[in-house]
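Heads up: the structure comes next, in structure tokens.
In what follows, every heavy atom counts, from backbone to side chain, and hydrogens, waters and symmetry copies are set aside.
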Amino acid sequence: MGMTKQISKRGRERGSQVVEFGLVCVPFFAFMLLILDISWTVFNKAALQHAVREGVRYAVTYQTMTGLGQDASIKSVVQQNAMGILQGSTGTSLISVQYYTPDTLTATNSNAAGNIVSVSVTGYSLSPMGPLLHSNTPLILSVSSSDRTEGCPLGICPIR
């Protein structure tokens, strides 16, 4: 009699390990994907911020690459420093270079000495790896950096 009682009790508990495994694994993997999503977002934001800072650093010294104007050179520097995030013409289209007058902060087309240059990446889309709460809406990142330009070399500013 004692033997049949033990067998029937074990038979009823046989599937409980699978259920417990499922109850533990689903939240665990969801949490791991959340950590990966947040880490990937922070990495992308930091990489883009670094890239625009390097673009501004390049812009304030009026350097240009052979065969390119100043704005195209700045965009190229931003792409080179973005760790592959802004590749190709799609990446270039997200980068903007704008100049402002220092006294009124109004936008200008002039890259004259003393003006403020602002380099930004706007509208970079980042999709979640593990969509929690059933949302596939991409996260849109935007970064910018600005600084005051130095004096033009030999008093002649390069063509934008």
Between Tyr58 and Gln70, a side-chain donor and acceptor under 3.5 Å: no
Distance, nearest 0.5 Å, that separates CG of Leu139 from NZ of Lys45: 8.5 Å
Those residues that, when tested against Phe43, pass ring pair (Phe, Tyr, Trp, His ring centres under 6.0 Å) (two or more places apart): Trp40
Close side-chain approach of Val52 to Val56, heavy-atom, < 4.5 Å: no
Pairing residues for Thr106 by the side chain to side chain donor-acceptor pair (under 3.5 Å) criterion, not counting sequence neighbours: Thr101, Thr104
Test side chain to side chain donor-acceptor pair (under 3.5 Å) applied to Gln80 - qualifying residues, sequence neighbours left out: Ser76
Side-chain heavy-atom pair Tyr99, Asn109 within 4.5 angstrom cut-off: no
Of all pairs that satisfy salt bridge (charged side-chain N to carboxylate O under 4.0 Å, His left out), the ones with a partner from residues 47-60, not counting sequence neighbours: Glu54-Arg57
Results of side chain to side chain donor-acceptor pair (under 3.5 Å) for Ser118 - residues two or more places apart only: none
Ser127: side chain to side chain contact (heavy atoms under 4.5 Å, CB included) partners, not counting sequence neighbours: Pro138
Flag side-chain contact, heavy atom, 4.5 Å: Gln98 against Val117: no
Euclidean distance, Leu48 CG relative to Thr122 OG1, rounded to 0.5 Å: 10.5 Å
Qualifying salt bridge (charged side-chain N to carboxylate O under 4.0 Å, His left out) pairs with a residue from residues 67-91, counting only residues at least two apart or across chains: Asp71-Arg160
Shortest non-hydrogen contact from Ala59 toward Ile74: CB-CD1, 3.3 Å
All side chain to side chain donor-acceptor pair (under 3.5 Å) counterparts of Gln63, not counting sequence neighbours: Thr61
Atom pair OG/CG of Ser39 and Asn44 - distance to nearest 0.5 Å: 11.0 Å
Name the atoms and distances for all side-chain donor-acceptor pairs under 3.5 Å in residues 140-149, with sequence neighbours left out.
residue : atom : partner : partner atom : Å
Ser142  : OG   : Gly123  : N            : 3.4
Arg148  : NE   : Gly114  : O            : 3.1
Thr149  : OG1  : Tyr62   : OH           : 3.1
Thr149  : OG1  : Ala112  : O            : 3.3
Thr149  : OG1  : Gly114  : N            : 3.0
Thr149  : OG1  : Asn115  : N            : 3.2
Thr149  : OG1  : Asn115  : O            : 3.0

Asn111 side chain vs Pro158 backbone, donor-acceptor pair below 3.5 Å: yes
Between Ser96 and Ser120, a side-chain donor and acceptor under 3.5 Å: yes
Side-chain cluster (under 4.5 Å, hydrophobic types only) that Ile116 belongs to, other residues: Tyr100, Leu105
Residues which pass side chain to side chain contact (heavy atoms under 4.5 Å, CB included) with Gln79, listed by chain and number, not counting sequence neighbours: Leu86, Thr92, Ile95
Any pair counted as salt bridge (charged side-chain N to carboxylate O under 4.0 Å, His left out), so long as it reaches residues 94-121, sequence neighbours left out: none
